[in-house]
Amino acid sequence: MRCAVYTRVSTRNEEQQKSLVTQKDAIMKLIKAKEWELCNFYIDVDLGIKTKKRDELRRLIDDAKEKKFDIILLKEFSRLTRDGEFYYQIKRLADNQGILILSLGGAIDTLSRKTL
């Protein structure tokens with residue numbers, strides 16, 4: 001399974017930078033355990049930027065439209081978006097492209113058919 005990994009923090013402070021490492025490490029453990037293929041990391045540092053303006057999230061959406069991966073992996077649902085309408089736009093795109101979404105926190109797991 002080809003994996004896209006999306007991580008995000010909202011500031012550049014040291015604690016948030018450690019969070020990026022924690023998010024990446026947890027997801028990489030899953031990829032290794034499942035013997036999946038890492039296609040790309042998409043990493044946003046927000047600094048108060050609105051969801052729809054995140055460059056790496058935009059790139060992930062563009063790559064999803066081109067079906068460059070089979071699954072989007074996140075540590076927590078909130079890393080993707082807190083905007084319900086925008087989540088459903090991403091979910092519809094993923095469904096239309098046959099792309100799964102899995103958050104390690106368990107809020108989204110279309111691999112097991114658990115969604116919001």
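All values below come from the heavy atoms of this structure, side chains included, with hydrogens, waters and symmetry mates left out.
- Between the side chains of Ser112 and Asp109, a donor-acceptor pair is found at a separation under 3.5 Å.
- Counting heavy atoms from C-beta outward, Leu93 and Lys65 have side chains that approach closer than 4.5 Å.
- Between the Arg2 side chain and the Lys68 main chain, a donor and an acceptor come within less than 3.5 Å of each other.
- Contacts of Glu56 classified as side-chain hydrogen bond (donor to acceptor under 3.5 Å, both in side chains), with partners at least two apart in sequence or in another chain: Arg59.
- Under the 3.5 Å distance criterion, the side-chain polar atoms of Ser103 are matched with a main-chain donor or acceptor of Ile108.
- Nearest heavy atom pair, residue Gln23 against residue Arg8, reads NE2-O, 3.1 Å.
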In a table with atom names and distances, give each donor-acceptor pair under 3.5 Å that connects a side chain of residues 32-42 to protein atoms at least two apart or in another chain.
{"unit_1": "Tyr42", "atom_1": "OH", "unit_2": "Asp63", "atom_2": "OD2", "d": "2.6"}

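- You'll find the side chain of Leu30 reaches within 4.5 Å of the side chain of Leu73, heavy atoms only.
- Proximity of Ile31 to Val5: side-chain heavy atoms (C-beta onward) are separated by under 4.5 Å at one or more points.
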Could you give me the CA-CA distance, side-chain angles and deciding distance for Leu100 and Met1, then say whether side chain to side chain contact (heavy atoms under 4.5 Å, CB included) is met? CA-CA 10 Å; Leu100 303 168; Met1 178 127 19; 4.0 Å; yes

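- In this structure, the side chain of Thr110 engages the main chain of Ile101 through a donor-acceptor pair within 3.5 Å.
- Put simply, the side chain of Tyr6 reaches to within 4.5 Å of the side chain of Leu57, judged on heavy atoms.
- Between Arg58 and Asp62 there is no salt bridge, since none of the side-chain N atoms of the basic residue sits less than 4.0 Å from a carboxylate O of the acidic one.
- The closest side-chain heavy-atom distance from Ile43 to Lys24 is below 4.5 Å.
- Remark: Lys29 pairs with no residue by the side-chain contact (heavy atoms from CB on, under 4.5 Å) rule, at least two apart or across chains.
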Starting from the C-alpha separation in whole Å, work towards a yes-or-no answer on side chain to side chain contact (heavy atoms under 4.5 Å, CB included) for Lys75 and Thr22. CA-CA 9 Å; Lys75 178 125 182 354; Thr22 301; 4.2 Å; yes

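- Rounding to the nearest 0.5 Å gives a distance of 12.5 Å between CG of Leu60 and CG of Asp55.
- In this structure the side chain of Leu74 never reaches within 4.5 angstrom of the side chain of Leu102, judged on heavy atoms.
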